[in-house]
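Treat the numbers as computed from the prediction; the structure is a model and nothing was measured.
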Amino acid sequence: MSAHLPITLSVNGEELTRRVEPRETLADFLRRDLGLTGTHAGCEMGACGACLVMLDGLPVHACLIFAVQAAGATIQTVEGLTESAAIADLQSVFHTRNALQCGFCTPGMLVAAHGLLSRCAMPSREEIRDALSGNYCRCTGYEAIVDAIETVARRRAGEAASSMAEEPA
Amino acid sequence: MNAPLGALDRPNSYIGRSVSRPNAARLLAGRGRYVTDLVLLRMLHVAFLRSPYAHARIVSIDAEAARAMPGVRLVATGPDLARLCTPWTGTLDHFKGMKSAPQLPLPIEEVLWSGQAVVAIVAETRAQAEDAAEAVTVAFEELPAVVEVDHARAPGADRAALAVADNLCFGSRLDTGGIDGVFADAAHVVEEEFHFGRHTAVTLEPRAILADWDPSEGKLTVHHATQTPYQFQDLYSRHYGIPEASVRVVAPDIGGSFGMKLHVYPEDMAVVGLSMLCGRPVKYVADRIEAFVSDIHARDHRVRARMALDDDGTILAMDVDDVTAIGAFSTYPRTSAVEGNQVIRLMGAPYRFHSYRAELSVVFQNKVQTSQYRAVGHPIACAVTERLVDLAAAKVGLDPVAMRERNLIADDAYPCASPTGYQFEALSHQASLAKLKAMMDYDGLRAEQAALRQRGIHRGIGIASFVEISNPSPAFYGIGGARISAQDGAILTVTPSGEVRCQISVTEQGQGTETIVGQVVADQLGVPRERVRVITGDTETTPHGGATWACRGAGIGGETALQAARKLRGNVLAIAASILQAQAGELDMRDGVVVDAASGTERVSLSEVARIAYFRSDTLPRDLSAQLSVAHHHAPQGYPFAFTNGVQGCHVELDVETGFVKILKHWVVEDCGRIINPLLVDEQVRGGVVQGLGAAFFEECRYDENGQLTNGSLADYLVPMACEMPDIVVGHIETPTADTELGAKGCGEAGTAAASAAALNAVNDAMSPFGARIAQIPMTPARLLKALGTI
């Protein structure tokens with residue numbers, strides 16, 4: 001309840017300055033102050049992964065940090081990742097594979113998958129399952145999500161390989 | 001495989017095709033609109049002060065300090081809301097002798113479980129409301145808590161609710177007669193005492209509701225994360241005395257439900273009254289800890305059961321005693337007795353025997369209510385039956401598959417009835433088992449198991465046949481006096497541009513209801529799927545219907561859409577015939593174009609028919625009434641339920657040193673009749689299996705002796721994670737119901753119905769070399785080590 005504090009940060013490519021309560025989480029800030037409701041609050045204790053956002057290039061639980069701690073940070077939410085088309089292939093394959101049902105975990109899943117494929121281009125199914133273990137999904141049983149991420153990894157590797165092959169000798 | 005309903009080679013034929021869900025695109029883009037996300041002008045937020053005791057009397061409430069806190073607009077207690085809202089009682093007339101205490105939005109004298117909401121604090125922000133809640137002082141006088149089920153049943157036991165005479169909510173008995181004689185004469189008898197833990201839905205989006213009372217026109221709008229908006233429209237209308245037409249319930253995107261969000265919760269009823277008291281919108285979103293102590297729980301059964309067999313392993317009889325503890329109230333309006341009722345009626349359902357006796361006791365205790373959650377009763381009946389079948393197989397010396405082959409109802413024996421009174425139209429247990437056996441390479445797995453045992457690796461194989469209830473008729477709730485519809489309605493319109501709008505009463509929670517309705521309409525009308533927009537979840541824009549529960553979306557909602565589409569197609573072709581001066585019977589509509597049925601020659605587009613009907617009716621004959629909207633209702637007729645069936649196989653590896661189980665693979669063969677969309681059916685089955693495996697290995701609401709939930713957070717309550725779950729192979733047999741043109745039955749419960757049973761049998765199979773056995777789920781490592789005698 002103490003006084004609001006000013007913070008400046010980058011969200012989805014836009015520089016913003018806002019005044020926030022010190023106790024306000026980043027998740028609440030994104031959802032309530034910025035209207036970015038694609039970031040979901042499922043457990044508010046860092047267990048379920050529905051609130052994952054990219055913070056300075058890494059997936060972070062937006063429910064576990066305060067908005068004031070994000071001052072100066074660069075944040076991408078599912079909305080920003082959608083607009084920049086950074087996860088367009090993941091979204092497309094999630095759609096065709098039906099790797100979502102109610103969709104509440106989905107933004108967090110996409111961010112987790114984006115983070116995984118950024119650090120490991122060709123994960124095995126076990127590695128995908130392991131990487132998703134901080135993301136609860138109650139609807140799908142996970143298999144379709146694992147399939148979708150595996151498919152995207154293969155496609156990206158295939159595209160990378162073919163673009164290398166097309167390089168002039 | 002049955003012949004497809006539509007001609008699948010036609011470009012606009014969709015029934016039986018794996019197509020993706022149009023409405024999933026917005027969810028993938030983070031553009032879902034869940035109740036949690038909604039903001040209305042001048043919206044207030046409510047926080048609830050909850051009882052710290054499992055059972056107590058409210059002596060006094062002092063909220064003066066809270067009322068003076070920043071942002072607080074209202075502090076309300078039981079009497080404040082009781083002046084607006086009439087009480088409700090969770091009983092159904094066809095459950096004879098059932099009783100439960102009446103409930104109010106907030107209690108006045110007595111709290112009945114730890115976590116029950118007592119005081120509502122409404123403020124400008126949720127944080128302000130929570131701050132103020134800390135300033136409310138409630139003096140409680142603690143009363144004896146009734147926690148353990150046998151204590152609750154003992155003569156002279158303390159009562160869980162002072163308003164009811166004793167702790168028996170409901171009792172029921174089924175008896176075909178002569179059971180004691182059958183058991184006395186049987187060559188073999190196997191028996192077991194089973195324990196099924198309490199668990200809960202854990203939807204990723206917790207319960208959320210936003211009530212908006214407009215006193216100027218006496219209109220209530222409730223944005224409610226629920227499966228059943230029409231049921232709530234009726235309840236808000238009747239309990240708050242508002243005309244039905246002045247109550248609008250909107251269910252937008254829902255973050256999971258699984259049955260949990262179709263019950264009346266005191267907080268939800270309170271929010272409506274709080275909005276009326278404030279004259280402003282009031283929003284409540286349960287946080288995760290509140291969800292654990294106030295969402296319905298499920299299961300919590302102790303079943304003592306035995307099975308009688310003749311000397312060649314033929315099942316002769318079952319004798320079952322089910323005791324289930326349901327919390328302090330029976331849930332409204334569907335009650336907390338339906339699960340037990342389905343447990344005793346689904347026992348032994350896949351098998352051919354005629355002698356049956358069952359006793360059901362539904363017992364009050366001071367915990368949060370249990371009620372209908374995915375696969376109501378099925379997992380318990382299935383696990384008890386299938387474990388007894390495995391015990392019987394071992395006793396008789398038969399392989400578990402051979403035991404089932406001997407006893408399953410033959411695929412050519414239908415129609416027939418179960419000894420518990422269920423009528424089966426047509427099931428496919430034998431074909432399903434044969435298919436499962438092949439899919440699993442059952443014999444190969446058995447050979448591998450034997451070889452690995454020599455090396456100290458203990459794998460187990462479990463099989464579980466099941467029957468699932470779907471497409472419920474009014475026999476489910478209507479005859480019990482509940483205003484829960486068994487019919488559905490649709491309004492289907494060709495728009496002026498020749499697009500199609502379908503407003504239908506079945507609802508969407510991600511399972512794909514809107515998608516399959518769109519497929520059926522596109523297929524039966526003869527238009528591209530992209531031109532059909534399906535609208536659900538709003539009582540103001542869709543006809544009243546049962547909505548989505550008990551696997552009725554495809555079977556009843558799909559048939560409603562089919563009949564509506566055929567009606568509209570007839571109207572379109574009549575108008576087209578008039579325009580073309582042709583005979584309607586010689587025309588067809590394909591891909592949005594009216595064609596000569598015989599030659600396929602294109603005659604006129606649907607958009608042109610619509611243009612003429614809407615804007616140039618002067619060019620049509622006077623006696624032609626162009627009806628480009630149709631309204632149609634459909635209620636199930638024929639069998640009271642459309643039963644489905646299937647069989648599951650589970651392959652596990654047990655570490656006998658640690659008690660940890662690795663689930664290696666899981667197989668399902670299921671028969672939901674006509675498959676409208678194979679992709680969506682398979683994902684329903686997989687999701688259901690994982691909820692069943694969660695119950696089998698991880699999920700349990702654990703209480704201490706004082707009735708306090710000790711693991712009510714997502715760090716403590718174990719939800720199945722991706723790394724623990726196996727790949728799940730799904731196969732199908734298709735036996736359409738003849739009660740409808742569409743022939744579809746449900747598939748949403750199938751996975752959950754038998755997964756825990758298959759897992760229980762698999763773990764017991766793995767433990768068999770040690771002479772150990774377990775009959776309790778979840779099968780935690782500690783329980784398995786105890787079963788193995790290690791601890």
Side-chain angles (χ1 to χ4, degrees), chain A residues 1 21 23-24 28 31-32 35-48 50 77-83 87 90-92 94-108 110 125-126 128-146, chain B residues 18 20-21 23-34 36-37 39 70 125 127-128 131 201-206 253-258 285 287-289 509-512 679-680 682-691 693 713-715 719-728 751:
Chain A
M1 286 188 291
E21 270 193 274
R23 67 176 173 181
E24 185 168 6
D28 283 346
R31 290 176 51 77
R32 200 164 55 201
L36 293 168
T37 53
T39 299
H40 295 150
C43 68
E44 296 175 283
M45 63 189 301
C48 79
T77 68
V78 68
E79 292 92 342
L81 294 168
T82 301
E83 283 165 19
I87 55 171
L90 278 165
Q91 288 165 316
S92 167
F94 266 61
H95 195 191
T96 52
R97 180 60 189 84
N98 201 43
L100 72 159
Q101 286 179 32
C102 82
F104 201 78
C105 75
T106 307
L110 290 167
R125 288 181 76 79
E126 290 66 33
I128 296 170
R129 285 187 178 276
D130 200 49
L132 295 182
S133 288
N135 291 80
Y136 291 165
C137 171
R138 218 32 184 163
C139 299
T140 65
Y142 300 108
E143 184 169 331
I145 298 171
V146 177
Chain B
S18 288
S20 59
R21 293 158 43 213
N23 59 9
R26 70 168 179 271
L27 306 179
L28 280 158
R31 287 174 172 270
R33 283 295 170 267
Y34 302 89
T36 325
D37 301 330
V39 175
T125 71
Q128 287 175 326
D131 290 340
V202 195
T203 57
L204 256 281
E205 181 192 32
D253 292 324
I254 311 293
S257 186
F258 316 117
V285 178
D287 69 26
R288 184 58 61 188
I289 291 171
Q509 296 88 42
Q511 66 276 72
L679 175 71
L680 302 189
D682 284 1
E683 295 316 314
Q684 278 299 296
V685 171
R686 289 197 176 95
V689 164
V690 166
Q691 288 190 10
L693 293 177
S713 84
L714 270 183
V719 169
M721 298 187 294
C723 63
E724 299 160 327
M725 289 298 109
D727 283 345
I728 299 159

| remark: For B:L714 and A:M45, the nearest pair of non-hydrogen atoms, with its separation, is N-SD, 4.0 Å
| Can you name the closest pair of heavy atoms from B:L28 and A:L110 and give their distance? | O-CD1, 3.4 Å
What part of [X] gets within 4.5 angstrom of chain B, counting heavy atoms only: side chain, backbone, both, or neither?
X	result
A:T96	backbone
A:Y142	side chain
A:E79	both
A:T82	side chain
A:L132	both
A:R125	side chain

| Any ion pair linking B:D727 and A:R129 (charged N to carboxylate O, less than 4.0 Å)? | yes
Relative to chain A, which of [options] shows the most heavy atom pairs under 4.5 Å?
options	value
B:P720, B:G32, B:P206, B:A25	B:P720
B:Q691, B:R33, B:M721	B:M721
B:D253, B:T36, B:V689	B:T36
B:V285, B:V39, B:L679	B:L679

| said: Can you tell me which of A:R97, A:E44, A:E126, A:H40 forms the most heavy-atom pairs within a distance under 4.5 Å of chain B? | reply: A:R97
| message | Does A:C48 form a side chain to side chain contact (heavy atoms under 4.5 Å, CB included) with B:L204? I'd like the steps, not just the answer. | response | CA-CA 8 Å; A:C48 79; B:L204 256 281; 4.0 Å; yes
